[in-house]
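Beneath this line is the structure, given in structure tokens, with notes to follow.
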Amino acid sequence: MPKQILSFTVNGDKVDLLVPPYVTLLDALRDEAGLTGPKEGCGTGDCGACTVHLDGKPVASCLVLALQARGRSVRTIEGLGTATALHPLQDAFVRHGVPQCGFCIPGVLMAAAALLEEHAAPTEEQIRYGIAGNLCRCTGYTKMVAAITEAAGMIKKGAAR
Amino acid sequence: MRRFEMILPSSVDECVKALATHGAGAKTVAGGTDLLPQMKNGLVKPAVVVDLGGIAALKGVTNGAGLRVGACATARELELHPEVRKRYTALADGAALVGSVQVRNLATVGGNLCNAAPSADMAPPLMALEAEAVIAGPKGERRVPLSAFFTGVRQTVLGADELLVALVMPAPPVPPEAGLYVSGGSYIRHTPRRELDIAVVGVASQVTVQNGRCVKARIALASVAPTPVHATAAERALEGQPLTPERIEQAAGLAVEAAKPISDQRGSADFRRHLVRVLTRRTLTAALARARA
């Protein structure tokens, strides 16, 4: 099968990748774009470790064929914050010591970031519903909910200032 | 995944032509949430995958005299659509139960129906709302009531050269437009887990009431037969009657007649029959409450 050019936007930059038609967006991001933040847990859309934003919405990138992202905008965990300027969610996750093994965290953060864009001050119920598609096999959900609640407050305070 | 060629049509015509050329060796992909796991597991091995993402005519939800839902409208779109939440509540209920938010942003209504799992959460609500499938093929467009769309487990009336384009349904009457008519709907499923699970049984009910009497009732069941089915005896028992708790309980009992469940790892046939009765009662009660709200 000939490779095809995938032109799309990744974390704000226009990117052209040469990909075969039978690879997923997750594989293209990891293997061709070198963005290894999104992880493959189950490969069937159940675990959420591969969550990225596609045109601003959280999706399971293991279920998207790479060429389906043509012309669209993708944001990965690498585009959420930087090492020197963490996103408030990342900052709260660090301070709360949320990551245990860490494998699910990029996906959880992307799901949480999408949630906070929709609900600036989510209830615990909304937070749990928003990250219901993310499995943490270390079972560290309690700290996630606390950190997301706190981050929402920080973002709101920042916006008020 | 096995290797395949990908075709990226930009119109329904182009897509139908591609399907006619490649026949049964071709698979259409929209959200991919059913197809990709099936391909990764080797259950389907298409030589050609036709991406529907570039076809504008398949997208969006249009609200007019009734509702037109493009086949590629996502579950998330339906879950959040103000008009769907207000007037087509059973559909909003069903859409909100599909997978996780990461899945619902991809999963389309057309995919949910064409995958034709007996447990598809959007099928019973659409049947209760009397939706019709708009199908495009080489000879033009045809319409099939959704109640006649499914022919078996993972089987539909769609030919290899046909494409589901949209679902269209009449608007359930609501005041003030309809005077004394009020209508409400509900879909409830039973699952051991709250999220990311597959219905042991799902029931959708839509009732229209005039002057305290039910003028129309539509009840559809998921996961109790090879296809989603209408509970016709229960529907008939309600029409023309006041929707008292006793009448609803009687209809719930009659709904069990439409169920031909199997026993599997999700539940026994007996448990499923029990659930049909319970969920029919609950959805009728919820539908009535919403009609009056």
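Order of the sequence lines fixes the chain letters, A, B, ..., with proteins taken first and strands second; residue numbering starts at 1 for each chain. Here the structure is a predicted model, which means the values were calculated and not measured.
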Heavy-atom nearest pair, Pro21(A) first then Met6(B), reads CB-CB, 3.7 Å
message = Looking at Arg95(A), I want to see if its CZ is surrounded by more than 12 non-hydrogen atoms of other residues, nucleotides or ligands under 6.0 Å.
response = yes
Value for CG (Leu36(B)) from OG1 (Thr24(A)), rounded to nearest 0.5 Å, stands at 7.5 Å
Check your understanding: Is the CG atom of Leu43(B) crowded by more than 12 outside heavy atoms at less than 6.0 Å?
Key -> yes
With chain B, the option among Val64(A), Leu65(A), Leu67(A) that has the most non-hydrogen atom pairs under 4.5 Å is Leu65(A)
Tell me whether the count of non-hydrogen atoms from other residues, nucleotides or ligands lying under 6.0 Å of NZ in Lys40(B) goes above 12. yes
* **Arg128(A) vs Glu195(B) side-chain heavy atoms within contact, under 4.5 Å** => no
Honestly, the part of Cys50(A) sitting under 4.5 Å from a heavy atom of chain B is neither
OG (Ser100(B)) and CD1 (Ile131(A)) are apart, to the nearest 0.5 Å, by 12.0 Å
In terms of heavy-atom pairs under 4.5 Å with chain A, the winner among Leu52(B), Asp51(B), Leu196(B), Val101(B) is Asp51(B)
For Ala96(B) and Tyr129(A) the tightest heavy-atom approach is O-OH, 3.1 Å
Ranked by heavy-atom pairs below 4.5 Å to chain B, first place among Cys42(A), Gly48(A), Gly133(A) goes to Gly133(A)
*Inspect the surroundings of NZ in Lys57(A) and state if more than 12 heavy atoms from other residues, nucleotides or ligands are less than 6.0 Å away.*
no
Heavy-atom closest pair (Gln102(B) atom, Ala111(A) atom, distance to 0.1 Å) is NE2-CB, 3.8 Å
Of the listed Val103(B), Leu8(B), Thr33(B), the one with the largest count of heavy-atom pairs under 4.5 Å with chain A is Leu8(B)
Pair count under 4.5 Å, heavy atoms only, with chain B: among Thr44(A), Val59(A), Leu54(A), highest is Val59(A)
Query raised in the report: Would you say Pro37(B) and Leu63(A) make side-chain contact, with heavy atoms under 4.5 Å?
Result: yes
When the 4.5 angstrom heavy-atom criterion is applied to Arg72(A) and chain B, the contacting part is neither
- Query: More than 12 non-hydrogen atoms from neighbouring residues, nucleotides or ligands closer than 6.0 Å to CZ on Arg154(B), yes or no?
  - Reply: yes
Whatever's closer than 4.5 Å to a heavy atom in chain A on Val29(B) counts as both
In this structure, CD of Glu5(B) is separated from CD of Gln4(A) (nearest 0.5 Å) by 8.0 Å
Whatever's closer than 4.5 Å to a heavy atom in chain A on Arg2(B) counts as backbone
